[in-house]
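A short worksheet on the structure shown next.
No experiment lies behind these values; they were computed from the predicted model shown. Just so we're on the same page: letters track the sequence lines, and every chain starts at 1. Any value given below was found using the heavy atoms of this structure, including those in side chains, with hydrogens, waters and symmetry copies removed.
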Protein chains: 2
Amino acid sequence: MTTAAQRPATLEDVARVAGVSRSTASRVIAGTGFASPAAREQVTAAVDQLGYVPNPAARALVRGGGVRLVVAVLGTSAAVLDDPYVHQVVGSAARVCTPAGVGVALHWLPFGDPRTLDQIGRDRSVCGVILVNTTEDLLAAVPQSLRGRVVSIGIGSATVPSFDVDNAAGSEAVLRHLYAAGRRRIAMVTGPRWLPCAQRPVQTYRRLMAEAGLPERILPGDFRAARGRTAAGEALHRWPDIDAVYAISDDTALGVIAGLRDAGVRVPGDVAVAGFDDIPLAGMTAPALTTASHPVGRIAVAAATAVLDGRPAAPVTLFPSALVARASA
Amino acid sequence: MTTAAQRPATLEDVARVAGVSRSTASRVIAGTGFASPAAREQVTAAVDQLGYVPNPAARALVRGGGVRLVVAVLGTSAAVLDDPYVHQVVGSAARVCTPAGVGVALHWLPFGDPRTLDQIGRDRSVCGVILVNTTEDLLAAVPQSLRGRVVSIGIGSATVPSFDVDNAAGSEAVLRHLYAAGRRRIAMVTGPRWLPCAQRPVQTYRRLMAEAGLPERILPGDFRAARGRTAAGEALHRWPDIDAVYAISDDTALGVIAGLRDAGVRVPGDVAVAGFDDIPLAGMTAPALTTASHPVGRIAVAAATAVLDGRPAAPVTLFPSALVARASA
DNA sequence: CTGTTAGCGCCTTCAT
DNA sequence: ATGAAGGCGCTAACAG
């Protein structure tokens with residue numbers, strides 16, 4: 001059905017073979033505008049014969065559309081770009097963008113440096129931006145030029161729609177589960193202090209502890225397993241009577257379990273542990289991890305779709321988080 | 001240093017402000033061709049003042065360069081695109097491509113369907129392709145038009161350079177470790193049968209077992225944890241005397257451990273378990289997982305760089321795999 | 001309904 | 001060393 005062309009066919013070639021003008025060929029291929037059934041057929045046949053594939057770059061150039069969707073991640077160093085969470089966002093976004101002829105780029109946004117984001121906004125090849133690890137400062141630094149084609153995975157603003165998991169509700173479900181199981185000395189390992197969307201679970205924790213008349217025991221974390229392991233030791237040291245630890249990520253929670261085991265503490269016998277994310281391995285560990293689901297892939301797909309579509313999205317789109325009760329708590 | 005332009009500046013604007021022609025501006029900005037120090041300075045100043053960012057799409061159009069690097073994954077269904085391994089490849093590639101103004105696209109390649117790859121080769125916006133899960137058939141289906149700008153993570157060919165971990169050596173190290181620890185009834189959970197790069201560890205296993213006069217015990221797998229769990233049961237059923245299991249991925253190995261635990265078998269007391277990959281969580285589980293390292297990120301970076309650079313790469317680039325001995329074996 | 005005419009933003013011979 | 005001109009591949013008004 002196609003002759004292996006040495007030089008890929010262009011619209012011009014298609015038009016010539018079909019015996020019509022470029023415009024007509026363009027119309028039937030892009031599906032825009034009118035065309036007689038006859039012309040339509042000629043063009044389709046020519047496309048088939050030539051194995052013609054439109055060039056998204058040329059198309060974007062004339063339409064002013066852009067060919068890249070940027071995933072921009074705020075962080076203290078470029079190492080944030082190596083994060084599995086970021087990779088999942090990029091992968092899911094790429095999958096959505098591919099049919100549209102759009103590629104995904106990955107940028108590190110240093111703290112307190114609006115220049116990078118400014119440049120991205122001035123790059124005419126950029127069709128939109130997904131912000132990750134968003135802060136108020138970052139939102140304030142979003143240039144006008146990006147209006148309407150930028151979204152955030154995390155907190156949003158009046159001009160930047162937000163897509164995120166409902167981690168307040170998820171956290172509440174986990175904490176209530178802990179409470180229902182009789183746990184009363186519950187420590188929490190949080191995310192980075194500068195990250196607003198990691199503070200919401202903390203607020204939930206504070207509120208619930210206050211309501212139940214229980215003490216607040218908070219340890220800073222960074223979503224990673226290594227920190228969980230050290231945090232477990234710290235928690236044991238500062239509050240020897242703890243009977244539960246809630247970590248804001250599964251990786252951290254598994255680190256906590258490792259740390260507790262290091263100290264000879266049984267899980268869940270002595271201390272219950274719960275995480276957040278429901279990573280694939282959460283059901284495989286010993287003990288299997290109690291956690292709350294976190295549909296990162298679906299969130300990224302929704303965010304990318306919103307940017308691609310370009311029509312105004314709802315200010316906040318929350319994805320439900322469900323408790324997944326396993327053995328660890 | 002930049003006035004927030006409503007409409008991003010173009011080369012034309014820069015030239016006007018600098019008081020030179022577009023050609024001159026282009027030369028100094030692209031760093032190609034000659035330019036007087038005076039002109040150079042004028043242009044640089046104008047770029048700064050206007051906050052000019054070149055449009056990679058326009059540039060690619062005129063140079064015939066392309067703006068997207070395609071990660072193409074062979075698999076039975078589009079679900080392969082959701083794999084964390086694939087996401088890591090995409091993320092690492094995106095990081096490399098971004099400075100070059102190139103975005104990453106993600107394609108699923110169905111079995112026995114050369115059309116998709118053909119189309120990719122005819123898309124003039126594609127600057128190169130990284131093949132993942134490569135087979136001989138796939139290699140044979142690589143169109144001429146892709147020559148010199150396609151690489152494989154997995155097996156390669158005369159025209160497709162290969163980038164991969166040295167999983168033969170890695171597997172040998174793991175298996176010798178098992179043997180040195182006194183294990184003599186070693187089963188192996190492999191990858192998909194159709195995946196050549198997953199067969200290399202199997203060959204190594206066969207050779208070593210033969211050399212040591214030990215029985216071959218092979219179970220098919222799919223790299224995933226769930227399969228490891230069921231495979232453990234099968235192994236126990238078919239070969240009640242096994243004292244070790246080597247799984248071709250850490251996920252699978254952790255599944256195996258879970259499956260053994262389900263059956264009341266102690267790890268490593270009764271049966272040792274080893275994996276391959278050294279994922280971040282491998283050191284956190286109970287018992288901590290013995291495995292071999294697998295620098296996926298570095299491999300993807302090398303592959304993407306090779307495609308971007310466009311100069312012929314070595315036929316095969318092998319990344320070393322190191323034994324990481326922990327508690328499970 | 002179709003073809004002609006202009007570009008989108010940029011690079012690259014060619015003269016100068 | 002610089003400018004003018006042409007064109008990469010495509011779409012979007014325009015006329016016809």
Just checking [X]: base, sugar-phosphate only, or nothing, at a heavy-atom cut-off of under 4.0 Å?
X: B:L61; answer: base
X: A:A35; answer: sugar-phosphate
X: B:A39; answer: sugar-phosphate

Walking along DNA chain D from 5' to 3', note the first and the last nucleotide with an atom under 4.0 Å from a heavy atom of chain A, and give both.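 That gives a stretch of D:dG9 to D:dA13.
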
A:H87 and B:V90, any side-chain heavy atoms less than 4.5 Å apart: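 Side-chain contact under 4.5 Å: no.
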
Taking salt bridge (charged side-chain N to carboxylate O under 4.0 Å, His left out) as the cut-off, I'd like each qualifying pair that reaches into residues 62-78 of chain A, sequence neighbours left out, listed once. A:R68-A:D123

Could you identify which residues of residues 17-28 of chain B place a heavy atom less than 4.0 Å from some atom of DNA chain D, listed by residue number, or say none? B:V20, B:S21, B:R22, B:S23, B:T24, B:R27

In plain terms, say whether A:D118 and A:R115 are close enough for a salt bridge, that is, a side-chain N and a carboxylate O under 4.0 Å apart. no

Contact list please: residues 63-70 of chain B against DNA chain C, heavy atoms, distance less than 4.0 Å, in numerical order.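 Per residue number, the list reads B:R63.
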
On DNA chain D, does the nearest nucleotide to B:F34 precede the nearest nucleotide to B:V62 from the 5' side, or the other way round? Give the residue. B:F34

Pair B:S26-B:S23, side-chain donor/acceptor within less than 3.5 Å: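 No, no side-chain donor-acceptor contact under 3.5 Å.
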
How far does the P atom of D:dC10 sit from the matching atom of C:dC1, given to the nearest Å? 24 Å

Are the side chain of [X] and the backbone of [Y] linked by a donor-acceptor contact shorter than 3.5 Å?
X: A:R124; Y: B:P8; result: yes
X: B:T24; Y: B:V20; result: no
X: B:S145; Y: B:R122; result: no
X: A:S162; Y: A:G154; result: yes
X: B:D83; Y: B:V80; result: no

For residues A:G75 and A:W108, report the shortest heavy-atom separation together with the two atoms involved.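 The answer is O-NE1, 2.9 Å.
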
For B:N133 and B:L195, the nearest pair of non-hydrogen atoms, with its separation, is CA-CD1, 3.5 Å

Only one of A:L109, A:T134, A:L106 clears side-chain contact (heavy atoms from CB on, under 4.5 Å) with A:V73; which? A:L106

Checking side-chain contact (heavy atoms from CB on, under 4.5 Å) between A:V126 and each of A:V67, A:L69, A:V70, A:V102, which is the one that passes? A:V70

For DNA chain C, which nucleotides open and close the run of contacts to chain A, 5' to 3', at under 4.0 angstrom from a non-hydrogen atom?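 Terminal contacting nucleotides, 5' to 3': C:dC1 to C:dG9.
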
Parallel, tilted or perpendicular: ring planes of A:F111 versus A:W194, cut at 30 and 60 degrees: perpendicular

Below 30° counts as parallel, above 60° as perpendicular, anything between as tilted: where do the rings of B:Y85 and B:H294 land?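 Tilted: the ring planes of B:Y85 and B:H294 meet at 30° to 60°.
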
For a stem of at least 3 consecutive Watson-Crick or G-U pairs with distances under 3.5 Å, i pairing with j, i+1 with j-1 and so on, which stems involve DNA chain D?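 Stems (3+ consecutive pairs) listed as C:1-4 with D:13-16, C:6-16 with D:1-11.
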
